[in-house]
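Beneath this line is the structure, given in structure tokens, with notes to follow.
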Amino acid sequence: MTIQQGQVGGAPPAAPVAPATARMDLAAAHGRTTGAISRILFLATLSFATFLFIFPFVWLVSASLKTRATVFNNELFPAPLYFENFPTVFELAPLATWFFNSVLVGVLAAAAVTISSALVAFAFAYFRFPFRNAIFGVVLATMMLPGAVTLIPNFLIWNALGQVNTLTPLWAGNLFASAFYIFLLRQFFLGLPRELFEAARVDGASYPRMWWNIALPLTRAALIVVFIFELKASWTDLLKPLIFLKDTALFTLPRGLQSLVSRFNPATGGQGEFQYVMAASVVITLPMIVIFFLAQRYFVEGIATTAPRAESRSVTGSPQAWCKTPVEKAIPYEQVRRGTRDPRAADVAARPSRNQGGTSWTRSSCSRPTMTP
Amino acid sequence: MTAATASAPTGGRWRISQETRWAFIFLLPWIFGFLVFTAGPMIASLAISFTEYNGIRPPEFVALENYEDLLSDRRIPLALTNTAIYTLLHVPAVIILALALAMLLLRVGRASGFFRTVFYLPTITPTVAVATLFLLILGGNGLLNQGLGVLGISGPNWLTDPQWVKPGIVIMSLWSLGSTVVIYFAALRNVPLELYEAARIDGADSWQQFRNITVPFISGALFFTIVVNTIASLQIFTEVFTMFFSQRSGPAQGSALFYVIYLFQKAFSDLDFGYASAMAWLLFAIILVITIIQLRLSKRFVYYEGEGR
């Protein structure tokens with residue numbers, strides 16, 4: 001039983017708490033000493049920490065606008081700003097091709113792992129079959145295995161298939177689901193009321209239809225989390241491109257950037273044009289920052305849900321954002337089936353359910369996942 | 001016409017129910033992937049570790065020779081020591097700093113979302129870009145030493161001084177501790193506030209409250225992040241490879257030789273698949289032992305809500 005914070009003063013426990021109030025109470029409770037000195041100390045620490053985390057980004061951009069002569073000096077504002085580094089690095093290296101390769105691999109890898117993991121997770125969440133728990137235990141156990149153990153045989157497999165020095169090995173393995181995402185999505189499927197599926201079955205829906213028409217639309221937020229996490233993982237991955245790619249034209253951005261480091265880093269004997277490396281670093285970082293701000297909610301909540309015992313309280317401002325999906329989107333199944341109602345339409349919340357109690361989901365029935373990558 | 005009648009229950013000897021059949025159809029991607037890309041490769045990797053194999057000529061059985069070589073290879077203790085030092089510096093530093101930042105966030109109140117974003121942003125920065133950025137920051141005349149200079153400290157060259165290479169890598173790794181902060185922040189917000197009130201009435205000071213309320217309540221998250229960070233730091237590769245091994249030779253490669261980097265070199269530079277496979281199994285054994293020890297310890301220290309009531 002989780003205790004709702006902000007209701008300590010004896011408010012009826014069923015009443016939902018406005019998140020802002022709750023958080024202010026929380027802050028007040030933790031910021032007990034409200035003396036001026038401690039307040040100043042707190043603000044100073046916070047500002048300093050913020051500075052430490054933000055400044056490297058400023059430095060990254062600043063260094064990308066410097067010249068060969070000034071890239072290693074410590075001026076914050078290079079004068080003049082040398083924007084030519086960006087067109088130049090696109091000429092010096094096939095950066096556009098690398099970018100395209102990264103996008104292609106990232107989207108394929110993320111889509112493949114999302115669909116396949118959702119399929120497998122649904123099997124573990126919904127079906128009853130022999131050895132279910134034992135098989136799920138094996139799924140979890142594979143998370144423990146260091147990648148180094150399977151690295152060489154996997155290389156040999158793709159080599160035997162003639163796929164070394166192609167982009168295929170970078171994403172095709174994702175077609176076969178991934179333990180962590182299976183675990184994550186299973187938790188979300190378990191949060192859906194079984195009655196919904198039973199009703200669908202009575203109406204004659206096949207299992208694939210139940211998966212596609214009920215389970216997937218209602219866990220859209222979780223699917224987006226999986227997609228974004230894998231996109232980011234693929235965008236960052238250096239090891240697989242190092243192993244599988246030989247031609248420069250096939251490189252992804254991390255592999256390409258790494259090759260630029262070896263070409264331009266003067267400390268390790270490269271030509272001393274490090275500003276090009278920094279410009280390429282901006283090019284590889286920027287898309288992730290943009291995606292982060294577009295999908296911030298999913299990123300941060302995805303991480304937070306990976307932690308154990310974080311279930312009663314939503315991390316972002318919207319309370320119970322995870323649970324909201326099922327609560328407000330509970331739809332009489334037959335409308336979905338007949339195609340009269342898009343399951344993604346959010347306006348169906350007010351509709352009283354035919355089967356009272358059957359499809360009305362309480363917040364307490366909403367469990368959040370508890371593990372991680 | 002419904003799907004149920006379309007596929008009638010199977011007869012036959014086994015009487016596999018329709019539900020079970022569909023379950024295994026849904027499981028098919030994982031089963032195939034597990035057999036072909038996990039279980040099969042594990043067996044293959046173990047087998048290869050008993051051979052001399054370069055991927056071109058057929059493997060030659062050498063029994064335990066690779067494992068004996070592990071004992072005599074002087075770079076193995078070097079790589080293990082480097083990795084252990086890094087892990088022992090990195091994990092406690094991440095845990096303490098992330099907890100401090102999460103508690104700071106808790107006091108921020110309304111604007112905590114903004115600061116959480118600030119702390120989280122570095123973790124979405126591609127690792128190779130983090131590495132290139134810190135090649136600038138950690139250099140002898142780099143930003144870090146300039147900052148230390150303000151305080152009157154003349155810093156070492158974090159990229160070439162063998163003694164300071166690993167602390168430099170730890171500093172870099174601390175920039176990306178945002179996901180741990182987010183996990184702690186979520187855990188801290190679940191600590192029931194009335195416990196603090198009761199403790200204050202009983203006259204407990206801040207440290208006692210932290211020690212006896214906060215830590216037990218977030219011990220699950222603490223344990224979890226310790227395990228995950230330990231496993232990850234034992235396998236550190238990308239940032240160090242980019243910074244120190246982009247060329248065949250470079251300064252400080254000895255003190256930056258981490259285990260997985262050495263394994264990668266053995267496998268894909270020297271094409272010594274047998275030896276690299278033996279190295280991989282040694283790593284697996286080490287990770288397994290450490291994780292089991294951590295699990296055992298967790299039973300003594302981790303408090304689960306609802307237990308013993």
Side-chain angles (χ1 to χ4, degrees), chain A residues 3 5 8 23-24 27 29-31 42 46 49-50 53-54 56 59-60 63 74 116 119-120 122-123 127 129 142 146 148-150 152-154 173 176-177 204 206-207 232 235-236 238 243 254 257-258 261-262 268-269 277 281 284-285 288 292 300 303-304 307-310 312-313 315 372, chain B residues 2-4 19-20 22-23 26-27 29-30 32-33 37-38 41-42 44-45 101 104 106-107 109 118-120 124-129 132-133 136 143 146 179 182-183 186-187 189-190 192-194 220-221 224 228 235 237-238 242 246-247 250 260 263 267-268 273 276-277 280 283-284 287:
Chain A
I3 299 152
Q5 285 154 10
V8 180
R23 265 187 294 154
M24 278 169 67
H30 284 275
F42 162 70
L46 189 67
T50 307
F53 277 85
I54 289 298
W59 201 244
L60 173 65
N74 287 324
S116 60
L119 205 60
V120 176
F122 186 70
F127 292 107
F129 55 91
T142 59
V149 172
T150 53
I152 292 164
N154 278 351
F176 310 110
S206 65
Y207 290 113
K232 182 207 145 194
W235 193 265
T236 306
L238 175 67
I243 290 169
L257 181 55
Q258 188 267 334
V261 173
S262 65
T268 49
V277 177
S281 300
I284 185 175
T285 305
M288 277 297 108
F292 175 76
V300 174
I303 282 287
R309 322 207 53 68
S312 69
R313 180 171 269 277
V315 188
T372 207
Chain B
T2 62
E19 186 173 352
T20 303
W22 272 105
F26 273 68
L27 282 181
W30 179 79
F32 180 83
F37 292 106
T38 305
M42 277 180 80
S45 169
L101 288 174
L104 207 62
L106 209 57
R107 274 191 64 172
V118 166
F119 298 149
Y120 192 70
I124 57 151
T125 309
T127 320
V128 180
T132 61
L133 178 58
L136 275 187
L143 193 62
Q146 203 193 17
S179 32
V182 171
I183 289 172
R189 286 163 69 144
N190 279 333
L193 286 185
E194 67 266 31
F224 168 79
V228 170
Q235 299 180 66
F237 175 81
T238 301
T242 307
S246 283
Q247 256 104 11
V260 175
L263 194 156
F268 297 103
F273 288 157
S277 297
L283 178 68
F284 187 25
I287 289 177

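So that the names make sense, note that chain A is the first sequence line, chain B the second, and so on, each numbered from 1.
- Between chain A and the residues A129(B), P126(B), G33(B), the largest count of heavy-atom pairs under 4.5 Å involves P126(B).
- Expressed to the nearest 0.5 Å, how far CH2 of W59(A) lies from CG of L143(B) amounts to 5.0 Å.
- Residues meeting the side-chain hydrogen bond (donor to acceptor under 3.5 Å, both in side chains) test with S277(B), sequence neighbours left out: none.
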Determine whether T142(A) and T38(B) satisfy the following criterion, side chain to side chain donor-acceptor pair (under 3.5 Å), listing intermediate values before the conclusion. CA-CA 8 Å; T142(A) 59; T38(B) 305; 6.0 Å; no
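- Of the inter-residue distances, the one linking L46(A) atom CG with L104(B) atom CG reads 5.0 Å to the nearest 0.5 angstrom.
- When the candidates I284(A), L119(A), I54(A) are compared by the number of heavy-atom contacts under 4.5 Å with chain B, L119(A) comes out ahead.
- Residue F268(B) touches chain A through its side chain alone, counting heavy-atom pairs closer than 4.5 Å.
- Contacts of F237(B) classified as ring-ring contact (aromatic ring centres under 6.0 Å, His included), with partners at least two apart in sequence or in another chain: F241(B), F264(B).
- No side-chain heavy atom of T125(B) sits under 4.5 Å from any side-chain heavy atom of M288(A).
- With respect to chain B, the highest number of heavy-atom pairs below 4.5 Å among A148(A), S116(A), A177(A), A63(A) belongs to A148(A).
- Not one N or O on the side chain of T150(A) forms a donor-acceptor pair closer than 3.5 Å with the backbone of P41(B).
- Using a 4.5 Å heavy-atom threshold, the side chains of F37(B) and N154(A) count as touching.
- The minimum heavy-atom distance linking S262(A) with S246(B) is given by the pair CB-O, 3.1 Å.
- Contact between P146(A) and I287(B) at its shortest, heavy atoms only, is CG-CD1, 3.9 Å.
- Here the CG atom belonging to L257(A) is positioned 5.0 Å from the OG1 atom belonging to T132(B), to the nearest 0.5 angstrom.
- No other option in L283(B), V260(B), T238(B) has as many heavy-atom pairs under 4.5 Å with chain A as T238(B).
- Across every non-hydrogen atom of T242(B) and Q258(A), the tightest pair is OG1-CG, 4.2 Å.
- Note that CD1 of I152(A) is 6.0 Å distant from CG of L263(B), once rounded to the nearest 0.5 Å.
- Considering every non-hydrogen atom in both F129(A) and A23(B), the closest pair reads CD2-CB, 3.3 Å.
- Separation of the F26(B) and F127(A) ring centroids falls under the 6.0 Å cut-off.
- Within the 4.5 angstrom heavy-atom criterion, only side-chain atoms of Q235(B), from C-beta onward, approach chain A.
- For V118(B), the parts lying under 4.5 angstrom from a heavy atom of chain A are both the backbone and the side chain.
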